[in-house]
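Take a look at the structure below.
Labels below follow one simple rule: chain letters A, B, ... track the order of the sequence lines, proteins then strands, and each chain is numbered from 1. Quick caveat, the model's predicted, so the values are computed rather than measured. Computed over heavy atoms, backbone and side chain alike; hydrogens, waters and symmetry mates excluded.
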There are 2 protein chains.
Amino acid sequence: MVAGPAVSIRDVAAQAGVSVGTVSNVLNRPDIVAASTRNRVLAVINELGFVPNDAARQLRRGRGRTLGLVVLDVANPFFTDVARGVEDATGEAGMAVIFCNSDGDQARESRYLDLLEEQRVQGVLITPVDDANERLVRLRDRGVLVVLLDRRSTRADVCSVSVDDRLGGELAMRHLIEAGHRRIAFVGGPWGLEQVRDRYEGARHALREAGLAEEHLRRFETASPTVAAGRDAASRILGLPRSARATAVFCANDLLALGVLQELTRQQVRVPEDIALVGYDDIDFAAAAAVPLSSVRQPRQRLGRTAAQLLLEEANEPERHRHQQVVFEPELVVRESSRYARPAD
Amino acid sequence: MVAGPAVSIRDVAAQAGVSVGTVSNVLNRPDIVAASTRNRVLAVINELGFVPNDAARQLRRGRGRTLGLVVLDVANPFFTDVARGVEDATGEAGMAVIFCNSDGDQARESRYLDLLEEQRVQGVLITPVDDANERLVRLRDRGVLVVLLDRRSTRADVCSVSVDDRLGGELAMRHLIEAGHRRIAFVGGPWGLEQVRDRYEGARHALREAGLAEEHLRRFETASPTVAAGRDAASRILGLPRSARATAVFCANDLLALGVLQELTRQQVRVPEDIALVGYDDIDFAAAAAVPLSSVRQPRQRLGRTAAQLLLEEANEPERHRHQQVVFEPELVVRESSRYARPAD
DNA sequence: GCGCCGGCCTGAAACGTGTCAAGAGTATCC
DNA sequence: GGATACTCTTGACACGTTTCAGGCCGGCGC
């Protein structure tokens with residue numbers, strides 16, 4: 001019931017008959033203390049159940065053993081996979097991750113950045129809500145390392161790890177064009193997200209490349225990148241007269257695609273016979289969907305792991321570190337949802 | 001490039017021409033300082049871009065503004081929804097969450113608990129890997145608040161928030177029995193997880209209640225509660241001669257059920273015609289599965305939110321707080337995967 | 001004018017750790 | 001035997017806050 005008074009390094013020192021400095025050395029530079037002393041101190045630490053106070057350590061050292069991860073949506077498996085990668089890398093280095101969920105909300109993101117700064121985290125891995133680099137640069141100038149995640153840095157002095165979203169858009173679009181589709185809907189949003197815009201630009205590029213006019217690609221913007229928003233977009237698409245209706249839909253992420261699929265199915269529209277469908281991210285659930293979903297795969301876990309490694313490297317050997325923009329390549333995975341499509345015009 | 005020397009409360013005090021104590025008061029008890037002074041100090045804080053150092057505050061105060069959340073699997077949407085609830089509650093209270101993923105691994109869990117203790121978190125919300133309450137009780141005795149999550153506490157002096165897993169198992173099983181199934185497989189694991197055992201017990205109870213013998217329910221244990229393990233279990237089930245093969249499968253969670261569904265489909269077994277399927281958790285993807293999945297729904301977000309509130313309450317008004325075991329009720333959601341099942345014996 | 005009160009502010013002492021210059025032994029070498 | 005070098009250990013200070021016992025000052029009642 002009564003919380004025993006926390007045992008400090010001082011209690012350990014007294015009990016072991018050494019000075020606090022020595023105890024500290026046992027903890028941080030065990031090699032410089034004599035084996036006999038070291039063992040005695042370790043025994044006392046064990047006996048007393050001493051646990052070092054990281055706040056004090058951090059206060060003295062200047063920076064802590066934690067880093068922040070700010071993502072757009074915890075409910076999106078894409079980000080949990082990324083988080084998994086981050087966790088693996090940081091766990092190995094004995095660091096803790098403060099996981100924050102901006103939810104695509106600017107104000108929320110800002111609050112979390114304040115909080116992380118107060119925590120004096122070593123650094124922040126972030127998928128920013130918008131291109132408010134200014135806030136992030138200010139952060140970095142104050143000594144908080146910043147690595148952009150799933151977003152390419154436009155500044156040479158800020159690291160980033162991303163996937164080539166334009167290329168991803170191209171892959172998906174080329175695939176649909178080759179299958180003969182000529183009325184294609186792009187579903188994505190909010191438009192503030194760079195990923196969404198880039199994937200759309202990639203799609204447009206594929207269109208031009210194939211010598212097709214712009215009007216073959218029609219844009220449906222969504223309020224959020226979620227399943228619910230996907231359902232909504234689908235009913236907008238189905239609201240058009242059949243002759244003008246798209247024969248294929250390319251979604252900026254898999255959650256949207258799953259939403260689209262649900263609504264199409266509910267309204268008796270067959271996938272892929274009536275409408276073909278391609279998603280983005282290739283989350284694990286894409287393959288398990290009502291109609292297995294074609295999708296553009298990203299190395300999710302690797303994304304997180306690499307970002308964390310970059311940050312740790314910069315933290316531990318700043319002199320050796322060179323800022324870099326790592327860009328991975330996406331890969332199209334074709335499944336039922338776009339396989340046997342025969343656009344019926 | 002050069003990180004400006006962090007500005008401290010002392011710099012603010014000097015610049016504003018007041019003492020450090022006053023600056024601290026402006027921050028923590030603004031009401032007791034004269035309006036004119038307060039404004040002057042606030043102006044300087046803004047101008048200098050002062051950000052309080054939480055480590056120092058925590059050192060002085062004894063405990064920090066963070067709490068730990070330890071879950072079994074980040075990749076499971078059930079837990080991200082729970083995390084979401086936790087985040088909502090803590091965000092309102094201005095606290096940060098350190099998110100940890102034990103991955104069902106005892107050693108990993110233990111490492112994370114050490115780390116959280118070093119961070120002097122206010123408390124820990126945890127879904128323990130096994131019933132190693134001993135470790136948690138020790139933690140609590142040292143002043144770290146503990147709330148069990150998705151696991152009922154057996155001790156009156158430890159709070160817990162859970163869902164009645166036995167009842168959930170009963171609901172699912174009754175449903176299958178009423179549909180006429182007499183050879184039912186239970187897929188779940190690892191068996192160390194209390195949730196798995198309780199759901200199984202609930203199923204057995206429903207069996208006895210219906211006056212049926214034990215052999216109508218056959219247990220298939222899995223190494224982990226994942227999609228891959230589900231696929232594996234399904235192929236074990238299909239390995240049996242048709243006459244002995246189950247006509248219905250009840251899975252301890254939806255990931256397993258999705259795996260089972262994938263493998264059944266791959267091997268041309270129809271759901272629900274050949275084999276009916278019921279999952280557990282009712283994650284969002286259950287409804288979007290190849291065959292929409294019947295599942296036992298749990299109030300996921302509410303689970304997290306309630307647990308966090310309990311912990312905050314205990315932290316902020318310990319005298320008023322009474323330890324309690326909150327138990328929510330699950331609810332069966334029937335969808336295609338078990339709807340039109342006619343067991344063909 | 002005196003005593004008292006209340007509002008506002010100050011200054012210093014902690015909190016638990018890391019660091020570092022200096023000291024205490026002890027072994028080595030001529 | 002004394003100087004030198006080396007290995008461990010010590011003790012004090014610093015990190016940035018919060019807290020708290022006081023101090024100053026102007027106003028009030030007598």
Report task. Just compare D:dG16, D:dT19, C:dT19 and give me whichever is closest to any side-chain atom of A:Arg29. Result -> C:dT19

Report summary line: B:Asp11 atom CG is separated from D:dT17 atom C1', nearest whole Å, by 13 Å

Query raised in the report: Is A:Arg65 atom CZ crowded by more than 12 heavy atoms from other residues, nucleotides or ligands, each under 6.0 Å away?
Result: yes

Query raised in the report: When you check every protein heavy atom under 4.0 Å of nucleotides 5-14 of chain C, what one-letter string (B, S, -) results, 5' to 3'?
Result: ---SSB--BB

Query - Over 12 non-hydrogen atoms of neighbours within 6.0 angstrom of CZ in B:Arg108 - result: yes

Report task. Please report, rounded to the nearest Å, how far the C1' atom of D:dC15 is from the CZ atom of A:Arg61. Result -> 13 Å

Query - Criterion side chain to side chain donor-acceptor pair (under 3.5 Å) on B:Glu117 and B:Tyr112, from CA distance to verdict - result: CA-CA 8 Å; B:Glu117 201 175 347; B:Tyr112 271 124; over 6 Å; no

Query raised in the report: Tell me, for nucleotides 22-28 of chain C in 5' to 3' order, what letter each nucleotide earns: B for a base near a protein heavy atom under 4.0 Å, S for only sugar-phosphate near one, - for neither?
Result: -------

Query raised in the report: So, the side chain of A:Gln195 versus the backbone of A:Asp150: is there a donor-acceptor pair under 3.5 Å, distance only?
Result: yes

Query raised in the report: Charged N to carboxylate O below 4.0 Å: is that the case for B:Asp157 and B:Arg155?
Result: yes

Report task. Start with the C-alpha gap between A:Arg135 and A:Asp130, add the side-chain angles, then the distance that decides, and say whether salt bridge (charged side-chain N to carboxylate O under 4.0 Å, His left out) holds. Result -> CA-CA 11 Å; A:Arg135 174 81 158 93; A:Asp130 59 15; over 6 Å; no

Query raised in the report: Is there a donor in the side chain of B:Asn101 and an acceptor in the side chain of A:Glu87, or the other way round, less than 3.5 Å apart?
Result: yes

Query raised in the report: Is it true that B:Glu92 and B:Arg305 have a side-chain N and a carboxylate O under 4.0 angstrom from each other?
Result: yes

Report task. Measure from the side-chain N and O atoms of A:Arg84 to the backbone N and O of B:Val74, and report whether any donor-acceptor pair falls under 3.5 Å. Result -> no

Requested in this report: For DNA chain C, determine which residues of residues 41-58 of chain B have any heavy atom closer than 4.0 angstrom to one of its atoms, and list them numerically.
Outcome: none

Query raised in the report: Is the backbone of B:Gln58 close enough, under 3.5 Å, to the side chain of B:Arg120 for a donor and an acceptor to pair up by distance?
Result: no

